Amino acid sequence: MEIGIDKMGFYTPEFFIDMEKLAEVRGVEPAKYTIGIGQEKMAVAPLSQDAVTMAANAALEVLDEEDREAIDFVLLGTESGVDHSKSGAVWVHRLTGIQKYARSVELKQACYSATAAITMAMGHISLHPERKVLVLGTDIAKYGLNTGGEPTQGAGAVAMVLSANPRILALDTDSVSMSEDISDFWRPLHSDYAIVDGKFSNQAYLNFLADVWGEYKQRNNRDLSDFEALCFHVPYTKMGKKALKALTEQASEEDAARLMGYYEPSISYNKAVGNIYTGSLYLSLLSLLEQGPELPEDARIGLFSYGSGGVGEFFSGKVKPGYKEHMLKDEHEALLNNRRELSIEEYENILQQALPKDETDIELDVLETTSGTVVLKGVQANIRHYGKN
Ligand code: HMG
């Protein structure tokens with residue numbers, strides 16, 4: 001029985017900034033951000049969009065009545081959780097109208113957790129093939145103003161329906177993962193912003209990639225010639241390029257050219273959104289499947305997931321014939337093209353806004369938010385109120 005990704009939804013907030021304009025204000029050569037980092041635009045989340053609302057909006061794009069009845073597991077991967085106890089998945093379960101007899105759980109391990117969710121979903125579906133699982137990767141990447149990480153922020157969510165006989169990507173059962181306790185990037189409980197050792201984090205990412213890929217090749221007796229394309233966790237698009245270069249260093253000319261050929265379509269969405277942490281690898285996959293040429297039947301895609309701290313995994317899947325018919329390319333292009341550009345001053349104001357850290361009630365101004373999307377309306381008596389705008 002094949003198990004894999006049957007549907008893919010995506011949401012990113014309605015605001016973005018232009019990286020060249022950010023560079024100008026920061027006194028940095030614009031090419032550093034657009035070429036050196038490889039980012040063109042960066043999504044900015046207003047206070048009314050958080051990990052819960054973005055995940056719900058991504059899921060609402062793809063769920064139909066049949067899915068709502070068949071889904072009995074909602075797995076939400078995030079490192080931007082809004083409560084120490086209640087999982088964001090419980091709110092998403094209600095906001096998306098999934099039938100009551102379902103489990104709803106939140107998973108955390110930096111940018112990696114949506115990949116763990118996929119593994120859990122595969123196990124569940126293999127035991128209950130008639131059931132479906134909703135997997136979400138949703139985050140707001142925040143390093144703060146005037147920090148080294150500032151040009152690598154972003155916000156958004158990817159929602160995936162996993163099922164038997166999937167129509168987009170049948171996942172292989174070949175994955176190799178590894179864990180190692182390192183301090184390259186983390187966010188202490190007291191902080192709204194991530195702390196990062198930037199250069200070390202880049203090196204850690206590449207070390208994990210080399211290690212899991214080496215082990216994967218050995219265990220599965222595969223090499224790069226077995227892959228039509230590769231997708232990576234994309235904290236910023238230059239990192240994806242570094243990863244691809246590292247893997248193809250020893251490859252034949254033919255393999256290297258083929259894999260490099262898919263790089264641009266695989267980062268098209270990431271370039272316009274920035275880092276969305278748990279969803280970044282899946283945004284790259286979505287970008288490849290929607291913006292790339294039709295992949296040959298049964299083409300195998302290799303995927304590298306990395307979450308600082310750290311856990312890495314290399315796994316793969318084969319595209320299903322006719323997968324393009326099940327992608328929402330026009331909708332995702334419209335989502336990105338209809339956003340409003342913020343001035344750098346507006347962005348700085350939004351980035352510094354935060355919900356009260358005490359018991360004060362707050363009602364949020366959500367007038368600017370696109371109608372029909374799920375928003376955080378406010379907090380009363382410490383309870384967050386979500387609903388459609
Ligand atoms: P930095 O020190 O500002 O930048 O930090 P730099 O000096 O290293 O320059 C960046 C690149 O721009 C360099 O290219 C420069 O040469 C180039 P590279 O050597 O890397 O190929 N450059 C230029 N290019 C063209 N024209 C110019 C120019 N000037 C310079 N004029 C850094 C960059 C990414 C470290 C920083 O932004 C940062 O700390 N970001 C956050 C950390 C991060 O994203 N790490 C990625 C790996 S860890 C990971 O992926 C996990 C993560 O997603 C979190 C999670 O798991 O939850 C982050």
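Both ligands and their constituent atoms are indexed starting at 1 by order of listing. Everything quoted here is computed from the prediction, not taken from an experiment.
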Practice task
Check each atom of ligand 1 against the heavy atoms of Ala110 and keep those under 4.0 Å away; list them by number with element.
Solution key: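 Under 4.0 Å from Ala110, ligand 1 has these atoms: 55 (C), 56 (O), 57 (O).
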Handout entry: Which of the ligand 1 atoms, numbered from 1, are nearer than 4.0 Å to a heavy atom of Glu79
Key =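 Close to Glu79: 55 (C), 57 (O).
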Problem - Side chains of Lys271 and Met42 in contact at under 4.5 Å (non-hydrogen atoms) - result: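 Counting from C-beta outward, Lys271 and Met42 never come under 4.5 Å.
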So which heavy atom in the protein is nearest [atom], and how far is it from that ligand atom?
atom                    : answer
atom 21 (O) of ligand 1 : Lys238 NZ, 2.8 Å
atom 40 (N) of ligand 1 : Thr152 OG1, 3.2 Å
atom 20 (O) of ligand 1 : Lys242 NZ, 2.4 Å

Handout entry: Distance-only N or O hit between ligand 1 and Ser201, under 3.5 Å
Key =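 Yes, at least one N or O pair falls under 3.5 Å.
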Handout entry: N/O separation below 3.5 Å, Ser308 to ligand 1
Key =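 Yes: some nitrogen or oxygen of Ser308 is under 3.5 Å from one in ligand 1.
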Where the closest heavy atom to [atom] is concerned, which of [options] has it?
atom                    : options                        : value
atom 36 (C) of ligand 1 : Gly309, Gly148, Gly198         : Gly148
atom 12 (O) of ligand 1 : Pro151, Gly36, Ser305, Ala243  : Gly36
atom 6 (P) of ligand 1  : Met239, His233, Arg187, Lys199 : Lys199
atom 58 (C) of ligand 1 : Tyr143, Phe200, Phe208         : Tyr143
atom 54 (C) of ligand 1 : Ala194, Cys111, Gly274         : Cys111

Exercise for the section: Could I get the full list of side-chain contact (heavy atoms from CB on, under 4.5 Å) partners for Gln291, not counting sequence neighbours? Expected result: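 For Gln291 the side-chain contact (heavy atoms from CB on, under 4.5 Å) partners, ignoring immediate neighbours, are Pro265, Ser268, Tyr269, Ser287, Lys329, Glu333.
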Handout entry: Close aromatic pair by centroid cut-off 6.0 Å: Phe227 and Phe314
Key =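 Ring centres of Phe314 and Phe227 closer than 6.0 Å.
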Problem - Centroid separation Phe185 to Tyr205 less than 6.0 Å - result: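 Not close enough - the centres of the two rings lie 6.0 Å or further apart.
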Exercise for the section: Could you check whether the rings of Tyr386 and Trp91 sit parallel, tilted or perpendicular, using 30° and 60° as the cut-offs? Expected result: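 Taking Trp91 first and then Tyr386, their aromatic rings stand perpendicular (interplane angle over 60°).
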Side-chain donor-acceptor distances from residues 297-307 under 3.5 Å, at least two apart:
{"from": "Arg300", "atom 1": "NE", "to": "Asp172", "atom 2": "OD2", "distance (Å)": "3.0"}
{"from": "Ser305", "atom 1": "OG", "to": "Thr115", "atom 2": "OG1", "distance (Å)": "2.7"}
{"from": "Tyr306", "atom 1": "OH", "to": "Asp184", "atom 2": "OD2", "distance (Å)": "2.6"}

Problem - Glu150 touching ligand 1 at heavy-atom level, < 4.0 angstrom - result: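 Contact absent.
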Exercise for the section: Kindly state if atom 4 (O) of ligand 1 has a protein heavy atom within a strict 4.0 Å cut-off, that is, under 4.0 Å? Expected result: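 When distances to the protein are checked, atom 4 (O) of ligand 1 has a heavy atom within 4.0 Å.
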Practice task
For ligand 1, indicate whether the residue Lys32 contacts it via side chain, backbone, both or neither (heavy-atom separation under 4.0 Å).
Solution key: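 Both the backbone and the side chain of Lys32 come within reach of ligand 1.
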Problem - Cation over ring face, Arg340 and Phe15, 6.0 Å, 45° - result: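 Here Arg340 fails the 6.0 Å and 45° test against Phe15.
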